[in-house]
Amino acid sequence: MTQPAGELYDLGYQHYRGPREGRMRARKAVFVDGFRTTLGLGHGPLAKVWPILLFGSAMAPAVIMAIVASQVGDLLDLPDHADYYQTVSIILIIFAAIIAPELLCPDRRNGVISLYLVRPLTITDYVVGRWMAFFTITLLLVYSGQIVLLAGLILSASEPLDYLRDNWLDIPRILGAGLLVAIFITSLPLAVSAFTDRRAYAAAFVIGLFIISSAAAGILTGCDEGGDRRRSADGTSRCEPLTGDSAKWFGLVALGQVPTNVNDMIFGVEGEGEGPDLIRELPRIVPIGWYVVLTSGMAFVLWWRYKRLSV
């Protein structure tokens, strides 16, 4: 009976003698992987469809507003940066609801988190890295649209340098308001995604929450046209809301308006519709505080949920 022959190979195994970058290197790896995942890099063509649509949806309003500004010139009131945020925040929330769960849900479903924690990485590092990856993409999108709109408004002005000199304060407002929009849009879908490992469930819940809250706020702040009427702050007459004086508080229920209410204060403009008109009757600290509580609460829920996960 023939015995199987065996061979030994000297593969030259050696200890790693290179630099040991430690925890910071692991944090960077989680961030970069989240950044690439958001953009669909390293995945098939279908994974890149939603990021492309997200970019197009964020840029389209800015391009349209810039074109309108270049055509009408000084004939009409031009769309401004506050109008862009009012439009793009709603669009970004919907698309973020679809894309953001991709950063969290597959890792839990496939049991990858336990492999991450083998390295010098904590669960807080993981959550912060994923959050920062999506926040960076969202912030770049928001600022890119504002840059396009600002360029369009400057070039459409009869005296571009005079326009820039008269409106230079719009630049810090753009930066501050864009930061608030990006933080909110990042925190909401990621907080929801922390409670399910199914991307479709997370996306459906975020979109449903957005639609239901907007509808509820519309009902609670709505009024009967045939009912009593009262004077608003600007002197115009309007009907009395069905919920009376409480309507201005119920206007805060609409999640899509939470960052917009604060942004309107930053730009010093008045939002359109019954809800924003009623919210202006509240002290300014109320919508600002509601934004802070809601955003920080969502970020805490995201972190708390992952701290309780068994990996």
Side-chain angles (χ1 to χ4, degrees), residues 27 30-31 34-35 38 85-86 88-90 92-97 99-101 103-105 107-108 113 121-143 172-196 202-203 205-210 212-214 216-217 248-267 271 275-276 279-280 282-309:
R27 292 171 174 171
V30 172
F31 171 81
F35 192 90
T38 303
Y85 279 136
Q86 292 172 359
V88 79
S89 61
I90 299 175
L92 288 180
I93 286 177
I94 296 175
F95 278 97
I99 298 176
L103 294 176
L104 299 180
C105 296
D107 286 349
R108 286 208 315 280
I113 296 182
L121 190 76
T122 66
I123 201 68
T124 301
D125 295 333
Y126 172 83
V127 171
V128 172
R130 291 307 204 202
W131 189 93
M132 286 298 299
F134 195 73
F135 169 75
T136 302
I137 294 292
T138 306
L139 191 64
L140 289 175
L141 285 173
V142 171
Y143 283 164
R173 293 189 184 110
I174 289 171
L175 297 177
L179 186 67
L180 296 180
V181 170
I183 291 174
F184 185 86
I185 291 174
T186 300
S187 301
L188 176 59
L190 289 180
V192 172
S193 301
F195 290 88
T196 179
F205 187 86
V206 173
I207 295 175
L209 190 63
F210 169 74
I212 292 174
S213 65
S214 298
K248 56 179 175 285
W249 295 94
F250 288 127
L252 299 172
V253 173
L255 291 180
Q257 292 293 326
V258 172
T260 303
N261 293 331
V262 180
N263 290 341
D264 289 344
M265 296 180 187
I266 293 176
F267 285 99
I279 291 175
R280 284 197 298 273
L282 294 169
R284 294 171 65 90
I285 191 62
V286 173
I288 295 174
W290 176 234
Y291 170 88
V292 173
V293 169
L294 191 59
T295 305
S296 59
M298 291 185 297
F300 175 79
V301 166
L302 171 62
W303 173 82
W304 171 81
R305 174 60 177 166
Y306 268 83
K307 291 291 286 187
R308 292 176 59 87
L309 287 177

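The model shown is predicted, which means the values in this text are computed figures rather than measured ones.
The CD1 atom of Ile123 sits 11.5 Å away from atom CZ of Arg305, with the distance rounded to the nearest 0.5 Å. A distance of 11.0 Å separates OH of Tyr85 from OG1 of Thr260, quoted to the nearest 0.5 Å. Rounded to the nearest 0.5 Å, atoms OH (Tyr291) and CE (Met265) are 13.0 Å apart. To the nearest 0.5 Å, atoms OG1 (Thr186) and CG (Leu103) are separated by 10.0 Å. Rounded to the nearest 0.5 Å, atoms CD1 (Ile90) and CZ (Phe210) are 5.0 Å apart. The structure places CD of Gln257 at 7.5 Å from CD of Gln86, a figure rounded to the nearest 0.5 Å.
A donor-acceptor distance shorter than 3.5 angstrom exists from the side chain of Arg130 to the backbone of Val30, with no hydrogens or angles considered. Judged by distance alone, with hydrogens and angles left aside, the side-chain atoms of Tyr143 form a donor-acceptor pair with the main-chain N or O of Leu175 at under 3.5 Å. Judged by distance alone, with hydrogens and angles left aside, the side-chain atoms of Arg173 form a donor-acceptor pair with the main-chain N or O of Ile266 at under 3.5 Å. A donor-acceptor pair is defined here as one N or O able to donate and one able to accept, closer than 3.5 Å; no such pair exists between the side chain of Asp107 and the backbone of Leu104.
Between Thr295 and Ser187, the shortest heavy-atom distance links the atoms CG2-OG, 4.0 Å. Closest approach of Gly178 to Val142, counting heavy atoms only: CA-CG1, 3.9 Å. Here the closest non-hydrogen pair linking Ile183 and Phe135 is CG1-CE1, 3.6 Å. Nearest heavy-atom pair across Pro189 and Val206 is CA-CG2, 3.9 Å. In terms of heavy-atom proximity, Ala133 sits nearest to Gly34 at CB-C, 3.6 Å. Taking both residues in full, the closest heavy atoms of Ile99 and Phe134 are given as CG2-CE1, 4.0 Å, listed atom of the first, atom of the second, then distance.
The shortest distance between side-chain heavy atoms of Thr196 and Phe205 does not fall below 4.5 Å. Side-chain contact between Val286 and Lys248 is absent, with no heavy-atom pair separated by less than 4.5 Å. Ile279 places none of its side-chain heavy atoms less than 4.5 Å from the side chain of Asp264. Residues Val88 and Leu141 form no side-chain contact, since every pair of their non-hydrogen atoms from C-beta on lies 4.5 Å or further apart.
Ring geometry for Phe300 against Trp303 counts as tilted: the plane angle lies between 30° and 60°, on a 0 to 90° scale.
When the options Ile185, Val258, Ile288, Val262 are evaluated for a side chain to side chain contact (heavy atoms under 4.5 Å, CB included) with Leu180, the one that passes is Val262.
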Could you go through Phe267 and Ile174, starting from their C-alpha distance and side-chain angles, then the distance that decides it, and tell me whether this counts as side chain to side chain contact (heavy atoms under 4.5 Å, CB included)?
CA-CA 9 Å; Phe267 285 99; Ile174 289 171; 4.3 Å; yes
Side chain to side chain contact (heavy atoms under 4.5 Å, CB included) for Val127 and Leu302? Distances and angles first, verdict last.
CA-CA 8 Å; Val127 171; Leu302 171 62; 3.7 Å; yes
Stepwise, does the side chain to side chain contact (heavy atoms under 4.5 Å, CB included) test hold for Trp290 with Asn261?
CA-CA 10 Å; Trp290 176 234; Asn261 293 331; over 6 Å; no
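A 6.0 Å sphere centred on CZ of Phe31 holds more than 12 heavy atoms belonging to other residues, nucleotides or ligands.
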